Amino acid sequence: QEYVVLAYLQDIERKTIDDYKRIADLLNQCGEMSRKKGIRMAYHNHAFEFEPIDGQVPMDVLLEITDEKLVTFEMDLYWVHKANVDPVTYFEKYPKRFELWHVKDMDNSEEQFFTEVGTGVIDWERMFSNSKQAGLKHFYVEQDECREHNPLRSLEISREYLSSIRY
């Protein structure tokens with residue numbers, strides 16, 4: 001086991017910027033405890049971390065308060081795109097902070113539904129060409145729901161695409 005990840009915050013846990021500051025402090029505490037056991041603490045984002053609260057972006061608050069020696073981030077690239085944010089700007093602003101990625105694509109519909117990697121609108125070659133700056137160590141193909149294919153076929157399509165690009 002290399003990582004332990006805080007995967008989601010309930011609505012009640014993330015109403016104010018002070019809530020995010022408390023979460024960041026807790027992540028640092030957990031990061032210190034897990035480091036003693038040889039495990040790295042991480043935080044997984046969704047789109048809501050990019051919605052400003054009182055003029056501040058919660059994701060920035062988390063990144064600025066957490067200690068990079070204790071806490072890394074698992075960037076879910078689908079949710080960053082869903083929030084209309086360019087992940088590369090975060091790789092540039094916070095280099096080496098995103099050791100883990102969730103790799104899932106977004107279809108070109110108004111709904112912006114999940115789709116197989118390489119069949120949607122996310123520019124994966126651009127994402128992976130910036131992986132060193134991001135600090136990527138591991139990525140995980142994830143597709144929350146499958147509409148066109150069964151889950152195993154969806155995974156196969158994503159794997160085939162990712163095998164075809166250089167990164």
Side-chain angles (χ1 to χ4, degrees), residues 2-37 39-115 117 120-145:
E2 291 181 61
Y3 296 89
V4 61
V5 181
L6 175 56
Y8 188 77
L9 297 175
Q10 298 296 321
D11 291 348
I12 193 139
E13 298 173 299
R14 55 182 165 91
K15 292 189 176 292
T16 69
I17 284 297
D18 284 340
D19 290 338
Y20 281 97
K21 290 176 181 177
R22 280 190 290 278
I23 294 296
D25 289 338
L26 179 61
L27 286 165
N28 282 330
Q29 292 171 24
C30 292
E32 182 62 42
M33 288 187 298
S34 61
R35 181 171 71 167
K36 290 176 182 174
K37 300 294 183 182
I39 298 172
R40 188 107 163 98
M41 184 72 214
Y43 181 84
H44 176 283
N45 70 273
H46 293 81
F48 56 77
E49 288 91 350
F50 298 94
E51 297 169 9
I53 300 174
D54 298 329
Q56 295 183 66
V57 177
M59 187 68 167
D60 291 325
V61 170
L62 291 171
L63 282 154
E64 288 166 10
I65 293 176
T66 54
D67 182 337
E68 64 188 66
K69 294 178 189 128
L70 302 175
V71 180
T72 191
F73 286 77
E74 180 176 52
M75 182 174 270
D76 189 314
L77 293 156
Y78 169 90
W79 288 114
V80 178
H81 279 85
K82 184 88 168 178
N84 293 313
V85 172
D86 179 5
V88 175
T89 63
Y90 273 81
F91 302 158
E92 292 168 350
K93 188 174 180 181
Y94 304 101
K96 308 291 184 199
R97 293 299 306 272
F98 305 95
E99 294 177 20
L100 310 173
W101 289 1
H102 270 190
V103 174
K104 57 186 172 191
D105 218 333
M106 175 187 296
D107 73 15
N108 197 21
S109 70
E110 187 175 321
E111 186 182 10
Q112 298 179 311
F113 200 73
F114 311 109
T115 193
V117 179
V121 299
I122 297 175
D123 183 349
W124 292 107
E125 290 189 37
R126 181 171 176 263
M127 293 302 103
F128 279 101
S129 71
N130 286 280
S131 63
K132 187 173 186 175
Q133 184 171 29
L136 179 66
K137 292 186 179 177
H138 304 283
F139 69 89
Y140 311 92
V141 174
E142 177 190 38
Q143 187 171 330
D144 295 28
E145 295 179 44

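Heads up: numbering here begins at 1 and tracks the sequence. Because the structure is predicted, anything quoted here is derived from the model rather than measured.
- Atoms CD and CG, on Glu99 and Leu136 in that order, are 9.0 Å from each other to the nearest 0.5 Å.
- Counting heavy atoms from C-beta on, the side chains of Tyr78 and Thr115 never come closer than 4.5 Å.
- In this structure, CZ in Arg14 is found 10.0 Å from CG in Asp19, a value given to the nearest 0.5 Å.
- Note that NZ of Lys132 and NZ of Lys96 are 6.0 Å apart. Values are rounded to the nearest 0.5 Å.
- Of the inter-residue distances, the one linking Asp105 atom CG with Ile122 atom CD1 reads 4.5 Å to the nearest 0.5 angstrom.
- Between Asn28 and Leu70, the closest heavy-atom pair is O-CD1, 3.6 Å.
- Not less than 6.0 angstrom separates the ring centroid of Phe73 from the ring centroid of Tyr90.
- Between Tyr8 and Phe48, the ring centre distance stays below 6.0 Å.
- The two residues Glu68 and Arg40 make their nearest non-hydrogen contact at O-NH2, 2.9 Å.
- Of the inter-residue distances, the one linking Asn45 atom CG with Met75 atom CE reads 5.5 Å to the nearest 0.5 angstrom.
- Side chains of Met41 and Thr66 form no contact here, defined as non-hydrogen atoms less than 4.5 Å apart.
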Decide yes or no on side chain to side chain contact (heavy atoms under 4.5 Å, CB included) for Glu74 and Tyr140, but give the supporting numbers first.
CA-CA 10 Å; Glu74 180 176 52; Tyr140 311 92; 3.7 Å; yes
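- His138 places a side-chain heavy atom less than 4.5 Å from the side chain of Glu2.
- Considering every non-hydrogen atom in both Pro58 and Pro52, the closest pair reads CD-CA, 4.3 Å.
- Considering CD1 of Ile23 and CD of Glu13, their distance stands at 5.5 Å, rounded to 0.5 Å.
- At a cut-off of 3.5 Å, with distance as the only test, a side-chain donor of Glu64 or Tyr94 sits close to an acceptor on the other residue.
- Results of the ring pair (Phe, Tyr, Trp, His ring centres under 6.0 Å) test with Phe139 over Phe128, Trp101, Trp124 single out Phe128 as the only residue that passes.
- Of all the heavy atoms in Lys82 and Met106, the pair that sits closest is N-CE, 3.4 Å.
- His44 and Asp76 share a donor-acceptor pair across their side chains, judged by distance under 3.5 Å alone.
- Here the shortest heavy-atom pairing between Met127 and Asp86 reads CE-OD1, 4.4 Å.
- Counted within 6.0 Å of CG on Asp144, heavy atoms from surrounding residues, nucleotides or ligands total more than 12; the atom is thus considered enclosed.
- Between Trp79 and Lys104, the closest side-chain pair of non-hydrogen atoms falls below 4.5 Å.
- No donor-acceptor contact under 3.5 angstrom links the side chains of Tyr20 and Gln56, judged on distance only.
- Considering every non-hydrogen atom in both Val71 and Leu27, the closest pair reads CG2-O, 3.4 Å.
- No hydrogens or angles considered: a donor-acceptor pair under 3.5 Å links the side chains of Tyr43 and Glu49.
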